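All remarks here apply to the structure that follows.
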Amino acid sequence: MEHLPLPRDPIKPHPKIRLASAQFAKPGPFLEYEERHGQTLRGNYPHVPTQIEFLSGRAGPNSAAISSQEVIDYYQGWLFFSLLAEFLGPIFEPEIYVEGESGIKAIWLTTKHLHEDLAVLRLQVPLAMIEADDEYHRHLESCLDLVFNAFDDIERSFSGFTKAFSDDMICFASVAEVLDAAVATAVDLFAA
């Protein structure tokens with residue numbers, strides 16, 4: 001989340017978001033992500049059933065329970081990697097959006113290069129030539145609409161998930177906001 005500025009004297013540094021997605025290297029087209037990877041989330045039971053749900057009979061023996069790890073894998077792949085790949089296109093290099101710490105086998109998300117990549121993208125076609133309501137603009141807006149709708153659906157589908165993964169959700173939402181602002185800025189610059 002390094003793309004967000006810290007106050008002069010921060011209480012805490014940027015949160016570290018662990019890489020959870022198996023699709024980070026090749027997320028594929030954003031608008032097709034749900035179709036290609038959504039089968040995990042289409043189980044009969046949209047979260048791991050609690051003991052009370054099992055005891056009360058609300059979670060039958062054939063319920064498809066999914067773990068929070070599977071849910072974060074899906075949303076990180078879609079709302080972070082696939083969204084970045086869609087917006088950055090040919091300049092997207094997934095390996096610069098992850099980093100590891102020496103001596104530790106953990107890999108973390110990083111957005112250190114996001115503003116730099118957007119600056120490069122602003123100089124290239126099609127973003128440099130984007131016009132309000134042209135095909136490319138409508139495509140990017142439909143991707144962003146889908147992202148913002150997904151944030152509304154996450155808590156409804158996976159109660160408590162956004163609280164348990166609040167740093168991840170803030171990271172994904174803030175990346176979407178930065179991309180939204182980049183599109184709006186590009187449209188305004190081209191119109192001027």
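Model, not experiment: these values are computed from the prediction.
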- Message: Is any side-chain heavy atom of Val98 closer than 4.5 Å to one of Phe81?
- Response: yes

- Task: Can you see which heavy atom on His37 is nearest to which on Pro27, and at what distance?
- Result: NE2-O, 4.3 Å

- Message: For Gly77 versus Tyr33, what's the shortest heavy-atom pair and its separation?
- Response: CA-OH, 3.3 Å

- Closest non-hydrogen contact found for Phe92 with Leu84 is CE1-CB, 3.7 Å

- Task: Over 60° means perpendicular and under 30° means parallel, so classify the ring planes of His139 and Tyr136, tilted if in between.
- Result: parallel

- Does Gln76 reach the main-chain N or O of Arg18 with its side chain, forming a donor-acceptor pair under 3.5 Å? yes

- Query: Can you tell if the side chain of Glu99 reaches within under 4.5 Å of the side chain of Leu109, non-hydrogen atoms only?
  - Reply: no

- More than 12 heavy atoms of other groups within 6.0 Å of Glu95 CD: yes

- Item | Residues in ring-ring contact (aromatic ring centres under 6.0 Å, His included) contact with Phe30, at least two apart in sequence or another chain | Trp78

- If the plane angle is over 60° it's perpendicular, under 30° parallel, otherwise tilted; pick one for Phe80 and Tyr97. perpendicular

- Task: Identify the heavy atoms of Ala128 and Leu123 that sit nearest to each other, and give their distance.
- Result: CB-C, 3.9 Å

- Query: Cluster question for you: counting only ILVMFWY and a side-chain heavy-atom cut-off of under 4.5 Å, with indirect links fine, are Leu88 and Val120 together?
  - Reply: yes

- Would Phe151 and Phe172 count as a close aromatic pair, with their ring centres under 6.0 Å? no

- Item | Gly28 versus Ser82, closest heavy-atom pair with distance | O-OG, 3.1 Å

- Task: For the pair Ser157 (side chain) and Ile154 (backbone), establish whether a donor and an acceptor sit closer than 3.5 Å, ignoring hydrogens and angles.
- Result: no

- State plainly whether the residues Lys163 and Glu155 are in salt-bridge range, i.e. N to O under 4.0 Å. no

- Message: For a 4.5 angstrom cut-off between non-hydrogen side-chain atoms, does Phe165 reach Phe158?
- Response: no

